[in-house]
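Taking it in order: structure first as structure tokens, then the write-up.
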Amino acid sequence: MIAAYSSALATDSTNGVLNKVFQSWNQPFKPLRIVGNVYYVGASGVSSYLITSPEGHVLIDTGFEQTVPIIRENVKTLGFRMEDIKFILASHAHRDHTGGHALTKELTGARIVMSEADAALLASGGKDDFMDEVTVYRPARADRVVRDRERVTLGNIVLTAHLTPGHTKGCTTWTIVVDDGGQRHNVVFFGSTSVLAKLVNNSKYPEIARDYAATFRKLKALPCDVFLAPHASFFGLEEKAREVGTGKNPFVDAKAFEKYVVIAEQNFLKQLEKEQQGQ
Ligand SMILES: [Zn+2]
């Protein structure tokens, strides 16, 4: 196990070492329980979530390949075992969220579950991305492909995939209803809607603007009490982690997701308008 792990790390030469920004996202972060059986096990800036059950666990996002040792340590600290991870899911197939998929699969034997479009991107190691500047990583093969509204179940864990394309063609928002001391909460693992590519006349992704618009409609209709995202800064992880134990659960906030999506949509529309006027 350890040998495979070290040699895999050594082969992460695709883009060389992490650049300064990526490094700043990849600092160790103390793991914590967010709500019910949902835990934060990621690094300081790139999220990873562990959803636990007596039948095994689900991991959403693996960060960079260099994040995997942090995840591994965090899972152990919480008293769980990496080997009990049965499914590896993803927000979207960019290096900072699926760069560790290949290594995590090797370490756990878990099955990778992805949307069809992002399974293709993962298989290319990020190379087939539509962005001008692609960031490549160690490719991995998905073991199962999910469609919109399809469920992934493991013991009492039931996760639903919502395809929210735009940021990547197969960007996926996952939802789960968790029981937290008798209270039920709608948890949303947001896929991302940041605009990184041309919205008008994008020959590599002609339907990009239409996809984003449909994604925003879909996101606005999702019930959400606990907003979680692929980057810790999107939902204020650091601030919230400091409030844990001081009163009510800081992660339970029925307005947080809606507020985020409204601003994200405004940013998208501004960008679209700018591009349309520039023609
Ligand atoms: Zn991304």
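Order of listing sets the numbers, starting from 1, for every ligand and every atom in it. Along the sequence shown, residues are numbered consecutively beginning with 1. Both backbone and side-chain heavy atoms feed into the values below; hydrogens, waters and symmetry mates do not.
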(request) Determine, for Phe235 and Lys240, whether the Lys NZ or Arg CZ falls below 6.0 Å from the six-membered ring centre while staying within 45 degrees of the axis. (result) no
(message) Using 0.5 Å steps for rounding, measure from the OH atom of Tyr49 to the CG atom of Asn37.
(response) 14.5 Å
(message) Between Thr52 (side chain only) and His57 (backbone N and O only), is there a donor and an acceptor less than 3.5 Å apart?
(response) no
(request) Tally every protein N/O/S atom whose distance to the Zn ion (ligand 1) is less than 2.8 Å; waters are neither shown nor counted. (result) 3
(message) Could you walk me through whether Thr104 and Thr62 satisfy the side-chain hydrogen bond (donor to acceptor under 3.5 Å, both in side chains) test, starting with their C-alpha distance in whole Å, then the side-chain angles of each, then the deciding distance to 0.1 Å, before giving a yes or no?
(response) CA-CA 7 Å; Thr104 307; Thr62 56; 4.7 Å; no
(message) Whether the side chain of Trp174 engages the backbone of Gly191 through a donor-acceptor N/O pair (distance < 3.5 Å, no angle test) should be reported.
(response) no
(message) Main chain of Ser194, side chain of Asn267: is a donor-acceptor contact present, judged purely on distance under 3.5 Å?
(response) no
